[in-house]
Colleague: 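Just dropping this structure here.
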Amino acid sequence: MRRFAFVAFCLLAVQTVHAGAIDRLHRFLETTKTVRADFAQIVVAKNGKRPQQSSGVMMFSRPGKFRWQIERPYSQLLVGDGEKVWIYDPDLRQVTVKKVGAALGSSPVALLVGDSEGKNGGKSALEKNFTLREAGEREGLEWLEAIPKSPDSGFERLQMGFAGSDLKAMELFDNFGQTTTLFFTHLERNPQLAPALFRFTPPAGVDVIGE
């Protein structure tokens, strides 16, 4: 379940009321540099039994920086500083560190923390890594579906649901039949976020695994 913490970061929106979800996503990437939001996460296994729930706070600063703090029922912190991704588990007293490219690749967080426009007239990171399509209306929300182009992404598809100009929900369907649903509240666009939030120094005495 914990690897879906990366899911963390899919927040978007802002366009006219009649705009499609894909237009809202593009508009969001063009106009939003930082985001802070509370989240509630529900993970349901393929058999549908014993859903796991967690909640916390997420932030990101484009390009490339993010912070995902799970507060309940256990504590876990993920920090991306633009070069590396740090995953800190206080209960295990363990930190896992990966290069940002290997950790994100075509993962959901890459939708939001990557560059909004391609360099030298090329495709944006969004269009390079995902196939996007409108997914219609459901449960009062307008949905966008993103399908990763890489077979190594670890998930089959991602959906994001909007109400007006706000992202309200996200659903991730992984390659093992597991579904992760995120609900976002108190979303703030372009808040002032201290640079220190996107830096991580391993605490003394913890095991550091990786690069």
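When reading the values below, keep in mind they use all heavy atoms of this one structure, side chains included, and skip hydrogens, waters and symmetry mates. Residue numbers start at 1 and run along the sequence shown.
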Colleague: If two hydrophobic side chains count as joined below 4.5 Å and joins carry through other members, does Ile22 share a cluster with Phe130?
Modeller: yes
Colleague: To the closest 0.5 Å, what do you measure between CZ (Phe66) and CG (Leu197)?
Modeller: 13.5 Å
Colleague: Consider only side-chain heavy atoms of I, L, V, M, F, W and Y, link residues closer than 4.5 Å, and tell whether Trp86 and Leu77 are in one cluster.
Modeller: yes
Colleague: Any side-chain to backbone donor/acceptor pair from Thr34 onto Pro191? Under 3.5 Å, distance only.
Modeller: yes
Colleague: To the closest 0.5 Å, what do you measure between CZ (Arg189) and CZ (Arg36)?
Modeller: 16.0 Å
Colleague: Does any N or O in the side chain of Lys33 come within less than 3.5 Å of the main-chain N or O of Asn190, such that one atom is a donor and the other an acceptor?
Modeller: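 No, the answer is negative, given that no donor and acceptor are paired below the 3.5 Å cut-off.
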Colleague: Could you state whether Tyr74 and Ile87 fall into the same hydrophobic cluster, counting links through intermediate Ile, Leu, Val, Met, Phe, Trp or Tyr residues with side-chain heavy atoms under 4.5 angstrom apart?
Modeller: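 Yes.
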Colleague: For the CG atom of Leu182 and the OG atom of Ser54, what is their distance to the nearest 0.5 Å?
Modeller: 8.0 Å
Colleague: State yes or no: do Val85 and Phe155 share one hydrophobic cluster built from I, L, V, M, F, W and Y residues joined by side-chain heavy-atom distances below 4.5 Å, directly or via other members?
Modeller: yes
Colleague: Using the side chain to side chain donor-acceptor pair (under 3.5 Å) criterion, which residues pair with Glu171? Sequence neighbours excluded.
Modeller: Arg138
Colleague: Hey, could you give me the CZ/CD distance between Phe162 and Glu137, rounded to the nearest 0.5 Å?
Modeller: 13.0 Å
Colleague: In Å and rounded to the nearest 0.5 Å, what is the CD1 to NZ distance from Ile209 to Lys98?
Modeller: 10.5 Å
Colleague: Would Ile42 and Phe183 satisfy side chain to side chain contact (heavy atoms under 4.5 Å, CB included), going step by step from the backbone distance to the final call?
Modeller: CA-CA 9 Å; Ile42 301 173; Phe183 300 98; 4.0 Å; yes
Colleague: Considering all heavy atoms of both residues, which atom of Val35 and which atom of Leu193 are nearest to each other, and what is their separation?
Modeller: O-CD1, 3.8 Å
Colleague: For residues Pro148 and Glu156, report the shortest heavy-atom separation together with the two atoms involved.
Modeller: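 It is CD-O, 3.4 Å.
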Colleague: For a 4.5 angstrom cut-off between non-hydrogen side-chain atoms, does Tyr88 reach Val206?
Modeller: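 Touching, per the 4.5 Å side-chain cut-off.
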Colleague: How close do Leu187 and Ala37 get, heavy atom to heavy atom, and via which atoms?
Modeller: CA-CB, 3.9 Å
Colleague: In terms of hydrophobic clustering (I, L, V, M, F, W, Y; side-chain heavy atoms under 4.5 Å; direct or indirect links), are Met170 and Leu132 co-clustered?
Modeller: yes
Colleague: Could you pull out all residues at least two apart from Arg199 that satisfy side-chain contact (heavy atoms from CB on, under 4.5 Å)?
Modeller: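 With neighbours one apart ignored, the set is Pro195, Ala196.
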Colleague: Distance-only, no hydrogens or angles: does the Glu142 side chain make a donor-acceptor pair with backbone N or O of Gly161 under 3.5 Å?
Modeller: no
Colleague: Grab the two heavy atoms, one from Ser75 and one from Gln69, that are nearest each other, plus how far apart they are.
Modeller: OG-NE2, 3.6 Å
Colleague: Which of these passes ring pair (Phe, Tyr, Trp, His ring centres under 6.0 Å) with Trp68: Phe39, Phe198, Phe200?
Modeller: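 Result for ring pair (Phe, Tyr, Trp, His ring centres under 6.0 Å) with Trp68: Phe39.
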Colleague: Are the side chain of Arg62 and the backbone of Thr32 linked by a donor-acceptor contact shorter than 3.5 Å?
Modeller: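 Confirmed, Arg62 side chain pairs with Thr32 backbone.
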Colleague: Please find the pair of heavy atoms, one from Ala21 and one from Glu134, that lie closest to each other, and give the distance.
Modeller: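 Scanning both residues, the minimum pair turns out to be N-OE1, 3.0 Å.
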Colleague: For the atom pair CD (Gln178) and NZ (Lys46), what is the distance rounded to the nearest 0.5 Å?
Modeller: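 Result: 11.5 Å between the selected atoms.
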Colleague: Apply side chain to side chain contact (heavy atoms under 4.5 Å, CB included) to residues Val57 and Glu71 and explain how you reach the verdict.
Modeller: CA-CA 8 Å; Val57 178; Glu71 298 174 343; 3.7 Å; yes
